[in-house]
Amino acid sequence: MTKDFLKGLWQENPVFVQVLGMCPTLAVTTSLINGLSMGLATTFVLVASGLAISSLRKLIPDQVRIASFMIIISSFVTVVKLLFEAHIPSISAQLGPYLPLIVTNCIILGRQEAFASKEPVSRSLMDALGMGLGFALALVILGSVRELFYQGTIGNLEILGNWYKSMVIMVQPAGAFISLSLLVALFKRISGKE
Amino acid sequence: MNQILKMVLVLTILGLISGLVLSLVSNYATPLIHKNEQEAMEEAIYYVLPETANYETKTANGKTLYVAKDEGGTPIGLAFTASGSGYQGTIKLMVGVTKDLEKVKGIEILESEETPGLGGKIRGENFKSQFRDLVARQDLTLVKAAPTEPGEVQAITGATISSKTVINTINKEINTIKELDVVKDFLSSGA
């Protein structure tokens, strides 16, 4: 059980190891807060649809399983989108179209296919939590790095002093690719795989 | 046959449940979302016309005008939204002008998808503060260096298109507004 949870955070981290869900990873990580909100929204969808699909796994016929998964996933994504717009409009404006696009995040459908549709509810919950938080962790790290090098702050707290001249490239797509590849390399180095 | 029936049944039931849940959530969230939009609009009006105590909404030729009033109920200016296409998608602005339409009192960016760090700087106080009490008897003009003449605005380095869109949008909208009957009445009444 603990293993199901932990593998998502480290050994099978969706971003650093599996390199899945790259669209939101690259697009919204311009700051810590954006990365965190996207990570948590995705975690919610993963956990909710994981629970639903795992409990219905014996009822859903194999031939229509993808269609059923998509109904469930897109419903939860729409719920998240509406709640974000209603309660945290500023963050919802920052994330823009990437919030409803969680529906196309391949981590979510991938976990249902690979795990939730085959395993009992408790293990699926652990797997979804692990994968979701692993994704959120990666987005927070990437968001912090980019925010730090862009304007010298992390979560709007000043880290580097006034002398720091902002690096515009870090909030642009090129900066996203550069920071992500450096982080993946660092991750491989630490985990001793290469 | 049995298998097909099961497939149809499962998908139908899932669809029904999903529809039910979504309509409940939407019923709950829609008024809140509407309220948020209203508040953002209101905040923008108070930002572009800081002396506003309350305002009145008027519609003319499909345009919505916000007539800002001071505490005594005397009109002090007009606020209106305007949009133009920027470097990446639409830029939507709230513009506040004095009641004689001779000065821009302030602008606020309501929506923009400009590149963060470049065009995105139109949201920054440095750019927006240039429009505080800016003379607009003639069309506003964009300059590269620090402004020397009235009505000049300095473009953001590396974001000429975004800066230009803001200026052009304001000019166009002020000229349209001037021609509206409601505004003409408003101007001639000397209110």
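Just so we're clear, the structure is a prediction, and the values are computed from it rather than from any experiment. Quick note on labels: first sequence line is chain A, next is B, and so on, each numbered from 1.
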Working to the nearest 0.5 angstrom, can you tell me the gap between B:L14 CG and A:L59 CG? 9.5 Å

So with a 6.0 Å cut-off around OH of A:Y98, is the heavy-atom count from everything else above 12? no

What part of B:S26 is in contact with chain A, defined as an atom under 4.5 angstrom from a non-hydrogen atom: side chain, backbone, both or neither? both

Quick check: do B:V21 and A:S75 have side-chain heavy atoms less than 4.5 Å from each other? no

Chain B interface, residue from A:V64, A:L83, A:V168 that has the most non-hydrogen pairs under 4.5 Å: A:V64

Under 4.5 Å to a heavy atom of chain B? For A:L82 that would be both

On a heavy-atom basis, which atom in B:K6 and which in A:K58 lie closest, and how many Å separate them? NZ-O, 4.1 Å

More than 12 heavy atoms of other groups within 6.0 Å of A:Y164 OH: yes

Given side chains that start at C-beta, do those of B:T115 and A:V171 come closer than 4.5 Å, heavy atoms only? no

In this structure, are over 12 heavy atoms from other groups packed under 6.0 Å from B:K164 atom NZ? no

Shortest non-hydrogen separation from A:P61 to B:V10 and the atoms involved: CD-CG2, 3.7 Å

Determine whether B:L93 and B:I122 fall in the same hydrophobic cluster, where Ile, Leu, Val, Met, Phe, Trp and Tyr are linked whenever their side-chain heavy atoms lie under 4.5 Å apart. yes

Flag yes if A:V80 and B:L32 sit in one hydrophobic cluster, no otherwise; membership is Ile, Leu, Val, Met, Phe, Trp, Tyr, and two members link when side-chain heavy atoms are under 4.5 Å apart. no

Contact origin within A:E85 toward chain B - heavy atom pairs under 4.5 Å: both

May I ask you to decide if A:H87's main-chain N or O and B:N36's side chain share a donor-acceptor pair within less than 3.5 Å? no

Hey, any chance A:I60 and A:I71 share a hydrophobic cluster, counting ILVMFWY side chains that come within less than 4.5 Å of each other, even indirectly? yes

Which heavy atom of B:L11 sits nearest to which heavy atom of A:S68, and what is that distance? CD2-OG, 3.6 Å

Nearest 0.5 angstrom please: A:M70 CE to B:S18 OG, how far? 11.5 Å

So what's closer than 4.5 Å to chain B heavy atoms on A:I72: side chain, backbone, both or neither? side chain

Same cluster or not: are A:M38 and A:L183 linked, directly or through other Ile, Leu, Val, Met, Phe, Trp or Tyr residues, by side-chain heavy atoms under 4.5 angstrom apart? yes

Okay, A:F76 and chain B: the region with an atom under 4.5 Å from a heavy atom over there is neither

Going hydrophobic residue to hydrophobic residue with side-chain gaps under 4.5 angstrom, can you get from B:V97 over to B:F127? yes

Does atom CD of B:E71 have more than 12 heavy-atom neighbours from other groups under 6.0 Å away? no

